[in-house]
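For the numbers below, each heavy atom of this structure counts, side chains included, while hydrogens, waters and symmetry mates do not. None of the values given here were measured: they were computed from a predicted structure.
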Amino acid sequence: MSIRLRLTAWYTAILAVTLIVFGSAVYGVVHYNTYNSVRERLAQQYNKIKPTVVLNWNSNYLSFSAPSDLASQTFVQMIDYVNNKLSVSEKLGEQKIKFPYPDYDHAVKEQGFKTVYIQGNPFYLYQGVITESSTGQVVAMLQIAIYTGHEVELLTLLRNILVISATIMIIVASSLGLFLARKSMSPIGNVIEAASQIQNGQDLSVRIDYDGPQDEVGQLIDTVNSMLGRMEGFYKNLEESYATQRRFVSDASHELRTPLTTIRGNVDLLEKMWSDEEGDRPKLDEATLKQMTREAISDIADESKRMSRLVGDMLSLARADTGRTFDKQPIPLEILVEEVARRAQFLPRQADWITGDFSILNGVYVNGNKDYMQQMLFIFIENAFKYTPEGQVTFDALLYEDQVGIRIADTGIGMDKDEVPYIFDRFYRADQSRGMTEGIGLGLSIAKWIIDELNGSVEVVTRQGEGTTFIIWLPVVFPVPLE
């Protein structure tokens with residue numbers, strides 16, 4: 001059974017119980033008040049007639065005299081247990097009817113009010129015993145009855161009205177309740193439909209339209225829409241992660257293929273040159289053989305170093321992907337950049353190396369890690385040397401409000417502005433530099449990860465053929481001394 005039907009059933013059942021209790025209460029109050037009035041009239045008539053019961057000395061039996069003001073619908077009957085004689089009032093005699101009475105043994109027990117039907121006509125009867133004054137022995141029973149046809153018709157009409165009206169109200173309320181339940185639960189159907197589409201993988205951008213009040217249903221729909229938005233974002237991020245992973249594997253395979261091929265070729269060459277079988281060994285003089293051997297070993301060493309760097313970079317990025325970070329502490333920036341500037345002049349380069357005045361960094365601290373910060377700076381400096389075949393590379397620093405900027409600027413080949421959003425992607429290298437310069441395209445990705453871990457940012461200014469400038473902005477943890 002659906003929720004709509006269950007709600008309607010519960011609502012109808014509660015309404016039915018309420019109407020039954022209310023109708024029963026109304027009917028009970030009216031019934032009690034109606035017959036209470038009849039009982040009061042009977043009691044009054046009984047008290048008037050009972051004193052008139054006397055012993056008829058001529059015939060030696062009991063008799064009574066009905067008062068002249070006896071109500072028109074009131075009937076009197078008395079049974080004389082001593083003489084077993086029945087006496088009735090004039091009105092009762094005219095109707096040629098008599099009321100049932102108990103025998104002598106049950107007379108005392110059956111005193112009181114009761115309803116009797118004579119020839120299908122309802123009467124409300126009161127009966128009481130008459131005792132002898134000296135001995136207290138029961139000698140007769142006096143019965144007084146009132147015709148209650150009008151009261152029975154009134155109560156029957158009231159009962160029918162209550163039953164019919166309650167039935168109509170239950171039917172109408174059930175119909176309206178089912179309609180309102182369907183209307184109020186229709187947004188839930190939209191939730192189910194949207195969830196079914198998501199389950200079938202059709203469209204994660206589906207949202208549930210709802211313009212009703214912000215009740216429980218409205219809050220549920222808002223929550224579901226928010227959940228759908230987060231799921232869509234997670235799904236897109238997952239797709240992007242899968243695409244990045246596929247690209248990463250493809251690029252890594254491509255980058256590893258070249259050094260492995262070179263190493264394998266040189267190993268095969270060495271095996272042939274130093275083979276024990278005369279037919280496989282090339283005919284070379286000893287000097288040429290030694291020269292070719294040194295060149296092959298040198299190639300193997302260079303490619304091994306290249307593979308080691310690649311594996312090291314990939315491990316760094318793998319640690320970044322798993323959410324791992326590094327320990328941080330306040331680092332004096334002036335000492336760190338001066339050490340980097342000194343060591344950078346020994347890197348392979350063709351451009352001039354120009355350093356700025358780092359005294360402005362005196363007393364400036366950043367929350368970071370010395371080793372990772374040096375690695376980040378060397379990545380930018382090595383890139384600048386790599387893509388600057390002639391000209392100069394400048395390394396300096398600047399302060400702005402509560403941030404410090406470390407600037408690496410070169411006058412090299414530069415790049416197109418459209419390539420800037422992609423330079424921090426893994427294995428990405430500008431088309432014009434691919435194959436012309438060494439590298440595997442992971443350095444800037446690692447540098448960007450380190451900058452993000454330091455809560456910093458990087459600014460890139462470049463123009464093709466004129467050079468590139470990187471400014472790494474890092475938050476200062478200690479205030480800059482006032483001049």
*Asks:* Only one of T394, T469, D396 clears side chain to side chain donor-acceptor pair (under 3.5 Å) with R407; which?
*Replies:*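 The residue from T394, T469, D396 that satisfies side chain to side chain donor-acceptor pair (under 3.5 Å) with R407 turns out to be D396.
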*Asks:* If every non-hydrogen atom of K370 is compared with every non-hydrogen atom of I331, which pair is closest and at what distance?
*Replies:*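 Shortest heavy-atom contact: N-CD1, 4.1 Å.
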*Asks:* Which residue, F358, F378, F380, forms the ring pair (Phe, Tyr, Trp, His ring centres under 6.0 Å) with F395?
*Replies:*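 Testing each of F358, F378, F380 against F395, the sole residue satisfying ring pair (Phe, Tyr, Trp, His ring centres under 6.0 Å) is F358.
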*Asks:* Is it the case that atom CE in M169 sees more than 12 heavy atoms from other parts of the structure closer than 6.0 Å?
*Replies:*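 12 or below, so no.
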*Asks:* So I146 and R41, do their side chains get closer than 4.5 Å, heavy atoms only?
*Replies:*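 The answer is yes; the side chains approach within 4.5 Å.
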*Asks:* When you look at K386 and E382, which way does the salt bridge (charged side-chain N to carboxylate O under 4.0 Å, His left out) test go after all the steps?
*Replies:* CA-CA 6 Å; K386 188 186 303 180; E382 287 177 345; over 6 Å; no
*Asks:* Is there a side-chain contact between Q403 and L474, using heavy atoms and a 4.5 Å cut-off?
*Replies:*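 They are not in side-chain contact.
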*Asks:* Tell me whether S226 contacts the main-chain N or O of D222 through its side chain, where contact means a donor paired with an acceptor under 3.5 Å.
*Replies:*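 Not at all, since once roles are kept as given, no pair shorter than 3.5 Å links the two residues.
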*Asks:* Taking all heavy atoms of A173 and all of L15, pick out the closest pair and write down the distance.
*Replies:*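 That closest heavy-atom pairing would be CB-CD2, 3.1 Å.
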*Asks:* How long is the straight-line distance from CG of N266 back to CD1 of I300, given to the nearest 0.5 Å?
*Replies:*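 That separation rounds to 5.0 Å.
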*Asks:* To the nearest 0.5 Å, how far apart are CG in L125 and OG1 in T115?
*Replies:*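 The distance works out to 8.5 Å.
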*Asks:* Going by atom types only, do E295 and Q291 share a side-chain donor-acceptor pair under 3.5 Å?
*Replies:*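 Yes, side-chain donor-acceptor contact under 3.5 Å.
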*Asks:* What's the shortest heavy-atom distance between L336 and L377, and which atoms?
*Replies:*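 Scanning both residues, the minimum pair turns out to be CD2-CD1, 3.7 Å.
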*Asks:* Please evaluate residues V461 and E459 with respect to the criterion side-chain contact (heavy atoms from CB on, under 4.5 Å), reporting the C-alpha separation (whole Å), side-chain torsions for both, the decisive distance (0.1 Å), and the verdict.
*Replies:* CA-CA 7 Å; V461 179; E459 180 181 349; 4.2 Å; yes
*Asks:* Between I471 and G405, which heavy-atom pair has the shortest distance, and what is it?
*Replies:*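 Heavy atoms only, the tightest pair is CG2-CA, 4.1 Å.
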*Asks:* Taking atom OH of Y11 as the centre, does the number of heavy atoms from other residues, nucleotides or ligands within less than 6.0 Å exceed 12?
*Replies:*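 Counting other residues, nucleotides and ligands, OH of Y11 stays at 12 neighbours or fewer.
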*Asks:* Just how far is it from atom OG1 of T462 to atom CG of D410, taken to the nearest 0.5 Å?
*Replies:*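 Nearest 0.5 Å value for the OG1-CG distance: 7.5 Å.
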*Asks:* Can you tell if the side chain of W353 reaches within under 4.5 Å of the side chain of T355, non-hydrogen atoms only?
*Replies:*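 A side-chain contact under 4.5 Å exists here.
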*Asks:* Could you tell me whether a side-chain N or O of T468 sits under 3.5 Å from a main-chain N or O of A409, the two making a donor and an acceptor?
*Replies:*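 No, the answer is negative, given that no donor and acceptor are paired below the 3.5 Å cut-off.
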*Asks:* When you look at L42 and R39, which way does the side-chain contact (heavy atoms from CB on, under 4.5 Å) test go after all the steps?
*Replies:* CA-CA 5 Å; L42 285 176; R39 284 191 292 269; 5.5 Å; no
*Asks:* Classify the ring geometry of Y147 against H150: parallel below 30°, tilted from 30° to 60°, perpendicular beyond 60°.
*Replies:*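 Y147 vs H150 ring planes: perpendicular.
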*Asks:* Side-chain contact test, heavy atoms from C-beta onward, threshold under 4.5 Å: evaluate it for F123 versus T148 and give yes or no.
*Replies:*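 The answer is no, as the side chains (C-beta and beyond) never meet within the 4.5 Å cut-off.
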*Asks:* Quick one: does any side-chain atom of N36 pair with a main-chain N or O of Y32 as donor and acceptor, under 3.5 Å?
*Replies:*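 Flag not set: sc N36 to bb Y32 has no pair under 3.5 Å.
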*Asks:* For residues V393 and A384, report the shortest heavy-atom separation together with the two atoms involved.
*Replies:*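 Smallest interatomic distance, heavy atoms only, reads CG1-CB, 3.7 Å.
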*Asks:* Does the side chain of K448 come within less than 4.5 Å of L444's, by heavy atoms?
*Replies:*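 In short, these two side chains do not touch, never coming nearer than 4.5 Å.
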*Asks:* Please verify the inter-ring angle class for Y126 with F113; under 30° counts as parallel, over 60° as perpendicular, anything in between as tilted.
*Replies:*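 Correct class here is tilted.
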*Asks:* Indicate yes or no: does R342 engage E338 in a salt bridge with an N to O separation below 4.0 Å.
*Replies:*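 Salt bridge absent between R342 and E338.
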*Asks:* Can you tell me how far CD1 of I297 sits from OG of S304, rounded to the nearest 0.5 angstrom?
*Replies:*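 Going from OG on S304 over to CD1 on I297, the span is 11.5 Å.
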*Asks:* Is it true that, when you exclude D327 itself, more than 12 heavy atoms of the residues, nucleotides or ligands shown sit nearer than 6.0 Å to its CG?
*Replies:*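 No, CG of D327 has 12 or fewer neighbouring heavy atoms, counting only those of other groups under 6.0 Å.
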*Asks:* Working to the nearest 0.5 angstrom, can you tell me the gap between Y35 OH and L155 CG?
*Replies:*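 One finds 5.5 Å between OH of Y35 and CG of L155.
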*Asks:* Side-chain contact test, heavy atoms from C-beta onward, threshold under 4.5 Å: evaluate it for N367 versus L454 and give yes or no.
*Replies:*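 Not in contact.
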*Asks:* Evaluate whether atom CZ of R230 has more than 12 neighbouring non-hydrogen atoms of other residues, nucleotides or ligands under 6.0 angstrom away.
*Replies:*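 No, because the 6.0 Å sphere around CZ of R230 holds 12 heavy atoms or fewer from other groups.
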*Asks:* With a 4.5 Å limit on heavy-atom distance, are the side chains of Q374 and E339 in contact?
*Replies:*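 Answer yes - side chains close enough.
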*Asks:* Measure across S359 and E334 and return the closest heavy-atom pair with its distance rounded to 0.1 Å.
*Replies:*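 Shortest heavy-atom contact: CA-OE2, 3.8 Å.
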*Asks:* Taking the side chain from S165 and the backbone from L162, do they hold a donor-acceptor pair closer than 3.5 Å?
*Replies:*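 Yes.
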*Asks:* When rounded to the nearest 0.5 angstrom, what is the spacing between CD1 in I451 and CH2 in W473?
*Replies:*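 Output value for this atom pair is 12.5 Å.
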*Asks:* Measure centre to centre between the rings of F424 and W449, then say whether the value is under 6.0 Å.
*Replies:*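 Not close enough - the centres of the two rings lie 6.0 Å or further apart.
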*Asks:* Decide yes or no on side-chain contact (heavy atoms from CB on, under 4.5 Å) for M373 and V366, but give the supporting numbers first.
*Replies:* CA-CA 10 Å; M373 291 177 67; V366 295; 3.5 Å; yes
*Asks:* Counting N and O atoms only, with roles assigned by atom type, does the side chain of S174 sit under 3.5 Å from a partner on the main chain of I170, one being a donor and the other an acceptor?
*Replies:*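 Yes: the side chain of S174 pairs with the backbone of I170.
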*Asks:* Please determine whether the number of non-hydrogen atoms from other residues, nucleotides or ligands lying under 6.0 Å from atom CG of L180 exceeds 12.
*Replies:*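 Counting neighbours around CG of L180, more than 12 heavy atoms of other residues, nucleotides or ligands fall under 6.0 Å, so yes.
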*Asks:* Counting N and O atoms only, with roles assigned by atom type, does the side chain of N369 sit under 3.5 Å from a partner on the main chain of K328, one being a donor and the other an acceptor?
*Replies:*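 Not a single qualifying donor-acceptor pair exists.
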*Asks:* Quick one: does V337's side chain get under 4.5 Å of I406's, heavy atoms only?
*Replies:*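 The answer is yes; the side chains approach within 4.5 Å.
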